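A quick note: this is a predicted structure, and the numbers were derived from the prediction, not measured.
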Amino acid sequence: MFKRNFTEEQQMFRDAYRKFLAQEIVPNMETWREKGIVDREAFRKAGDQGFLMVWPDEEYGAIGDKDFRYEQIIIEELAYARCNDFYAPLHSRLVGPYLGNFGSKEQLDRFMPGCVSGETILAVAMTEPDAGSDLAGMRATAKKVGDHWVLNGAKTYISNGINCDLVVVAAKTDPENNPHSLGLFLVERDMPGFERGARLHKMGMKAQDTAELFFNDVKVPAANVLGDPTKGFYYLMEGLAEERLIAACMALSAAQMSFDLTLEFVQARRVFGKSLAAFQNTQFKLAELRTELDIQQCFIDRCVEAANSGELTTVMASKAKLATADLQMRAADLGVQLHGGAGYMDEYPISRQFTDARISSIYAGTSEIMKIIISRDLLSADYVPFNTRNF
Ligand SMILES: Cc1cc2nc3c(=O)[nH]c(=O)nc-3n(C[C@H](O)[C@H](O)[C@H](O)COP(=O)(O)OP(=O)(O)OC[C@H]3O[C@@H](n4cnc5c(N)ncnc54)[C@H](O)[C@@H]3O)c2cc1C
């Protein structure tokens with residue numbers, strides 16, 4: 001594997017974050033998994049130490065560095081500490097940027113300090129019972145009445161659904177005349193008519209709370225509309241490349257962790273009088289996996305550079321997500337297989353690596369949707385055959 005391109009400052013940030021996770025997060029994960037929710041205090045502690053949101057301007061209490069590698073480090077360290085279900089990157093780099101990119105100065109001043117400190121936990125609510133991949137099928141509506149909007153609808157599978165204080169809610173703003181007119185609304189914890197359903201029970205990612213949200217005649221002040229209330233689809237599309245890069249970084253670092261756990265196990269396990277690592281099947285399987293991991297790591301690191309220079313496209317990020325989600329699942333599956341019966345036991349971490357991995361090809365756009373985006377590009381007029389490209 002090539003030397004990876006992190007600055008000295010970023011290496012120090014990694015060391016400090018690793019220590020923070022070991023002290024403040026890892027010891028609590030099992031309790032949070034049993035409860036199905038991370039304590040709000042975890043967000044505040046991360047915020048206190050500058051680990052929650054790195055990119056917002058310093059005036060809001062953050063470090064103010066937009067380099068995506070900080071988020072990549074956070075994601076990797078969460079995976080290596082095996083606490084991906086402390087899903088802080090959703091708050092920090094997936095939802096936060098909606099506020100950062102499309103919020104007014106007044107909205108930033110009002111909400112950003114709390115988001116950076118961890119007082120205000122964020123969520124984004126797009127998916128509905130009948131509209132996931134097909135967001136255009138959304139039924140939630142927002143109607144302008146005087147100086148506010150009246151929001152109605154139900155959302156499901158919302159990460160941080162129980163913990164959240166501020167939700168970016170997508171709703172149609174002109175359903176009769178223009179089904180593509182979508183608004184993004186900042187709904188606050190105590191707004192009358194905003195209710196949370198029960199916490200949903202999941203196969204994996206147990207500590208990360210997921211819930212249904214209900215909006216019944218919620219009066220949202222005009223001051224809580226993000227940007228133009230007809231351009232929500234465009235805003236969502238803008239965030240997609242980075243959202244998928246986050247998912248890809250998460251999937252790949254979890255796959256790296258599954259590899260490490262498996263390599264350690266096969267060296268310790270003895271079967272038929274010798275080390276499991278001595279069998280050619282074990283060696284070949286691990287050699288193949290190590291090769292794929294190294295190749296994908298190069299691609300992901302290159303995507304991170306492209307995100308930093310503003311060159312990351314939705315198609316590129318879709319390829320990153322498609323490939324890494326598949327590799328994460330296969331790495332966990334091979335890990336379970338090489339662990340034998342132990343791999344099926346909760347006391348071995350590879351077991352949770354497997355159940356946690358299953359979500360990656362579903363959320364942030366399913367693998368089928370990634371393939372649709374990639375194939376659409378292949379068939380578009382802009383596609384340039386590889387052999388005629390100018391590099
Ligand atoms: C743990 C978890 C956390 C989540 N967090 C959030 C969140 O914070 N906020 C949020 O808004 N949403 C969230 N989601 C929702 C997630 O983004 C959706 O579940 C996902 O986009 C898929 O939508 P769906 O569940 O409606 O499946 P569907 O869209 O019904 O898909 C079902 C199947 O059909 C396939 N399919 C759909 N359309 C096509 C097509 N055109 N061609 C071929 N195949 C197709 C899909 O790929 C899939 O295999 C979360 C989901 C989970 C499970």
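- Ring pair Y87/Y363 is parallel by interplanar angle, where below 30° counts as parallel and above 60° as perpendicular.
- Separation of atoms CZ (R40) and NZ (K45) is listed at 14.0 Å; rounding is to 0.5 Å.
- Distance alone, capped at 3.5 Å, is enough to place a donor-acceptor pair between the R69 side chain and the N5 backbone.
- Paired with L182 under the rule side chain to side chain contact (heavy atoms under 4.5 Å, CB included), one option of L236, L135, D174 passes, and it is L236.
- Without hydrogens or angle criteria, D209 side chain to I162 main chain gives a donor-acceptor distance under 3.5 Å.
- Interatomic distance, M205 CE to R33 CZ, rounded to the nearest 0.5 Å: 9.5 Å.
- Checking side-chain atoms of K144 against main-chain N and O of A222 turns up no donor-acceptor pair under 3.5 Å.
- Between F51 and F20, the ring planes are tilted. Angles from 30° to 60° get that label.
- No donor-acceptor pair under 3.5 Å is formed between the side chain of H148 and the backbone N or O of K219.
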*Could you walk me through whether Y235 and Y98 pass the ring pair (Phe, Tyr, Trp, His ring centres under 6.0 Å) check?*
CA-CA 8 Å; Y235 298 156; Y98 286 113; 8.4 Å; no
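- Residue pairs meeting the side chain to side chain donor-acceptor pair (under 3.5 Å) criterion with at least one partner in residues 265-292, sequence neighbours excluded, are Q256-R290, R290-D294, E292-R330.
- Using modelled atom types and a 3.5 Å distance limit, the side chains of S309 and E311 yield a donor-acceptor pair.
- With rounding to the nearest 0.5 angstrom, the CH2 atom of W32 is 10.0 Å from the CG atom of D85.
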*Test side chain to side chain contact (heavy atoms under 4.5 Å, CB included) applied to R82 and Q353, step by step*: CA-CA 8 Å; R82 288 186 286 108; Q353 292 288 113; 3.7 Å; yes
_Y60/D109 under side chain to side chain donor-acceptor pair (under 3.5 Å): CA gap, chis, key distance, verdict_ = CA-CA 8 Å; Y60 299 119; D109 289 348; 2.8 Å; yes
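- Here the CG atom belonging to L338 is positioned 4.5 Å from the CG atom belonging to L334, to the nearest 0.5 angstrom.
- At distances below 3.5 Å, at least one donor-acceptor pair connects side-chain atoms of K155 with backbone N or O atoms of A170.
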*Determine, step by step, whether K371 and E368 satisfy the salt bridge (charged side-chain N to carboxylate O under 4.0 Å, His left out) criterion, reporting the C-alpha distance in whole Å, the side-chain angles of both residues, the deciding distance to 0.1 Å, and the verdict.*
CA-CA 5 Å; K371 289 179 199 173; E368 290 74 19; 5.4 Å; no
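- For the pair R14 and F6, the cation-pi test (distance below 6.0 Å, angle within 45°) is passed.
- Other residues, nucleotides and ligands contribute more than 12 heavy atoms inside 6.0 Å of the CZ atom of R4.
- The main-chain N or O of P229 is found under 3.5 Å from a side-chain atom of T173 such that the two form a donor-acceptor pair.
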*Check against ring pair (Phe, Tyr, Trp, His ring centres under 6.0 Å), Y80 and Y17*: CA-CA 12 Å; Y80 306 155; Y17 190 59; over 10 Å; no
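- Side-chain contact check for N163 and N160: no donor-acceptor pair (N or O, by modelled atom type) lies under 3.5 Å.
- Side-chain contact annotation: T262 with E264, donor-acceptor N/O pair under 3.5 Å absent.
- In summary, the aromatic rings of Y70 and F13 are positioned with their centroids under 6.0 Å apart.
- Going from atom CG of D377 over to atom CD1 of I372 covers 14.0 Å, rounded to the nearest 0.5 Å.
- Of the possible donor and acceptor atoms, none in the side chain of D165 sits under 3.5 Å from a partner among the backbone N and O of R189.
- Remark: the D301 side chain and the Q72 side chain contain an N/O donor-acceptor pair separated by less than 3.5 Å.
- Interatomic distance, CG of N101 versus CG of L108, reported as 9.5 Å (0.5 Å rounding).
- For CD of E9, the number of neighbouring non-hydrogen atoms (other residues, nucleotides, ligands) closer than 6.0 Å is 12 at most.
- There is no side-chain donor-acceptor pair under 3.5 Å between E128 and T156.
- The aromatic rings of Y348 and F265 sit perpendicular, their planes meeting at an angle over 60°, well past the 30° parallel limit.
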*Using the salt bridge (charged side-chain N to carboxylate O under 4.0 Å, His left out) rule, take E242 and K66 through it: C-alpha gap first, then chi angles, then the decisive distance, then the call.*
CA-CA 12 Å; E242 213 171 276; K66 301 199 173 7; over 6 Å; no
